[in-house]
Enquirer: 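Quick one: this structure, given as structure tokens, is what I'll be asking you about.
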Amino acid sequence: MERNQSRTPPDWVEQILSRVLTARQLEVALGDLEEKFHYRLTHGMKLWKAKLLYTLESFGFIRMVNKSNFQYSNSTGMYKNYIKIAIRNLVRRKFYSSINILGLSVGVTCFFLIAMFVQDEMRYDQYHENKDRIFRLANRGERDTLGGGVAKVNGPWGIAAREQFPEVENVTRFVTYGSGVFEEGSLRNIEEDGLYADSTIFDVFSFPLTLGDAKTSLTQPNSIILSEELANKYFGPANPIGKTIIVDDRTLSITGVVEVPRYSHFTFSFLLPLSTYSNPMRDSWCCWNQFYTYLLLRKGSNPEAVAEKMKTLVASHVEADQVATFNPFLQPLTRIHFYSKLLRELQPNSDITYVYIFSAIGILILMVSCINYTNLAAAQATKRSKEVGLRKVSGAFRNQLASQFLVEAIVMSFLAGLFAFGLLYLLIPKFNELTGKQLAWNELLHPQILLLSGLVVIFIGLLSGSYPALYVSALKPVEILKGTVKINKNLFFRKGLMVFQFAVSAFLLVSTAVMYNQMTFVQNKDLGYQSDGLISFPISNDSVRNHVESIKTALLENPSIESVTISGGLPVGGDWGIPYQIEGREPETLPVIRILAVDYDFINTYKLTIAEGRGFSKLYATDFEKAVLINEEAARQLGWSEPIGNEISIPAAGRTGMKVVGVVKDFHFRSLREKIAPVMFFMPPHSWLGVFTVRTNQNNTAAVTKFINDKLIQYDPDLLISYQEFDNLLGDLYGEESRTAQLISIFAGVAIFIACMGMLGLVAFSVEQRFKEIGIRKTLGASTTSISLLLSKGFLALAFSGFLLSVLPAFYLLDKWLDRFAYRVHVAPFIIIGTGLVILALAYLTVSAQVLKAAMQKPVDSLKME
Amino acid sequence: MKGTNLGEFEELILLTIGVLFDDAYGVAIQRELMSRCDRSATLSTIHVTLHRLEEKGYVESRLDGATGERGGRRKLIFQVTKSGKVALQHTKEQRNELWKAWPKGALAN
């Protein structure tokens, strides 16, 4: 069958092997492979199979990559020579070297910053010995649409779990203490972040107790455990154990000093025994969920089973109609920091999405800078073709040449690494500011990290250097010396790399623009009330609480103060979830309605708008116990087209048969990430209120707060509270997003910087190469402008293609990010176009200097060089 | 003598080259090895071994005989050198000595 002769094995195999084997080995190996190929065909094997086997068998030959010479190269000697030459080359071409090193080191710096950030995040909560057995007990209400659950549960739950479930080895609970007034000696300050804690805290968690006994430190009612910081503050370096300190007018004995690692999902400054928490509702099974409860399960226990048992147990202790609202579930400790976004977290958690985002950005930027190196080095290598040719002719083998260039790359990478360490030293403080972390430069100096960095540097060198190394060592000496080196052979690949660089930069730029757009939108959006000019401060003691009306009157005497209100919480997430009832409707069918506990003046102070009916009014004394306001969304969800006059009861607050007297226009009382939820306003007993809000027409808040302070001191001589400007509170809601936006903007700048530098190098190179061509064109009458255009259009086109490439992914990903906000902007076309223009402009700027210089040169000069 | 220790596979290859006399090249060696010793080895393994043997000086090679089936490429034909034969001999003698040293009773099983 003559058909065999027209069937040939795949020839791309030759391409690959030609890089690995010498000419002779190549011929022989391919010959053998092909012989077998045809043999198989003649003996009836299918063509595809023969080709497959051919390919598979050929791979084995890659092993022979080192067998190209019989000489055992004097490795150490050669490498020393390579390093010497690498350094010499570096110095000789200072311009290119500095661009390269700068670009690489910036990339490495960013990568390290992000790596430190991610590593820090991953450390959270990992230091607890029992970390795999610790679970937080949380509750998911049946119809709870906000947050997916509440992080706090009721007091007896945890205790009963330990007593009745064999899986639960131990339990420890916390209740927020908040801030306390500390007095010791001459010091008197407000200290924040206090917690009540069960005496079992150290059995479950591994907070390092530097002083004191873990077993007994919280067993006595008058004990207190201080953080190292507090201990230092009040007692200096002396051992405070056994000494006393006055907290909120109680004398407590210090039984321990604890060092709380900041990489914990919650931290605290001081601990008081939970046994001293005396709120009358503390033993309620249903209605006082203030306890953060952590269970320590035995090895091999099933958390879901425990949750099921908990549900049954709770159901047996509460009213039948409340059962549906209790759905306990267990959260593994190690997942809380990244994934938990329940209501009432002890402290805001992080989000694993950001870890992913930043890791991706870190890698992208590193790639961008490696590509930079690759392109520049490859371009330079062409310049050094004569050197390469000579080396080859005098007997260097391919792999030796490749090694030389790889060594160069590694040397540069190493220098870049050193430079990066320096940069890191300068930049870490700023980075900490931006991210709210406390990364330390000297953590980098640990031997493991240094070793790892060394490996990273070598890897980067190899990665960036491999392409130039392979490319250069494949040049044929004959061509080099004849001068017919094909410069443009692999230009496509290099152009592709540049496009990728610009794509990454454009993507980051667009992201920055969109994020800032969203942030501005969020900050400027009409919230439905007037948020500026408001100052909030807490009710500091019972005396103040009992005289709120007189205080209000006193404050209003000041012409700078327009109105004063007292509420249970602020409309930045300070709403409550209390069960309510409507007669004639089953509780399970009622929508979840948030509750704002207020007074008569709330609506006016915040300048909310009434859509129907009226607000609370002192003209109607019955309003206090019998009036309730709802927002439009609540009316909608309750299905009330005529809400006025309908009845709502909140038994837990002692309010039954309240009538709706008005409907408030929808406003944002939580972050813009959430859709406006239904909410109702009522006026609770005074003991439920906790915070003042004052509207002032003055810009100078200092004067106003001083005035307020003076008035309050009459009722609280030990007054020590902090005043918050409401707008700042609003800003805090979006802390995470605005920090991210800032960080991304910085990385965008870095990426563009690197990409432009790379382009700069390439332009300079290209100009050099076309020196003669330009001279000739000029003599033929080309104008400066036309030459500029000619030289630059290629690069501009690259930058622009990169930008185009980034548009779709940017669009898609940013849209997803924006979805985290219920109220958001669209990815506006003008942003995309604007970014495109910016990229073009930057590319042009980068290119123009060199191009202009080239275009203006005298033709004489270039033609003279013959 | 140090350095004349042949690996098992190397020994097989050397012997096979001898068997094929003047026609010992990659594919042929592979085929012979398969039919005589039921030993399947990939082409690359064989080539690597041939290379090693050449480095040790036990074989020598020459290019010869391009054919159509090989796409016009020549074969690399190997022959065992004197020192290669010496090494084979040495190995053979070593084995024999060891066999002779077995106590009479053991061989009977």
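So you know, we letter chains A, B, ... as the sequences are listed, proteins then strands, and number each from 1.
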Enquirer: Side chains of A/Val28 and B/Leu63: closer than 4.5 Å at any heavy-atom pair?
Expert: yes

Enquirer: To the nearest 0.5 Å, tell me how far A/Glu35 CD sits from B/Arg70 CZ.
Expert: 5.0 Å

Enquirer: Would you indicate whether the side-chain heavy atoms of B/Leu76 and A/Gln25 approach each other to under 4.5 Å?
Expert: no

Enquirer: If we define contacts as heavy-atom pairs under 4.5 Å, which of B/Gln30, B/Lys75, B/Arg31 has the most with chain A?
Expert: B/Gln30

Enquirer: Is A/Glu27 paired with B/Arg73 through a side-chain N to carboxylate O contact shorter than 4.0 Å?
Expert: no

Enquirer: Could you tell me the separation between the CD1 atom of B/Ile29 and the CG atom of A/Asp32, rounded to the nearest 0.5 Å?
Expert: 8.5 Å

Enquirer: Would you mind reporting whether A/Glu57 and B/Thr42 have side-chain heavy atoms less than 4.5 Å apart?
Expert: no

Enquirer: Given that the side chain runs from C-beta out, which part of A/Leu56 has a heavy atom under 4.5 Å from chain B: side chain, backbone, both or neither?
Expert: neither

Enquirer: Take atom OH in A/Tyr54; do more than 12 heavy atoms of anything else shown fall under 6.0 Å from it?
Expert: yes

Enquirer: Only counting residues at least two apart or in another chain, list the ones meeting salt bridge (charged side-chain N to carboxylate O under 4.0 Å, His left out) with B/Asp23.
Expert: none

Enquirer: Shortest non-hydrogen contact from A/Arg63 to B/Val48?
Expert: CZ-CG2, 4.4 Å

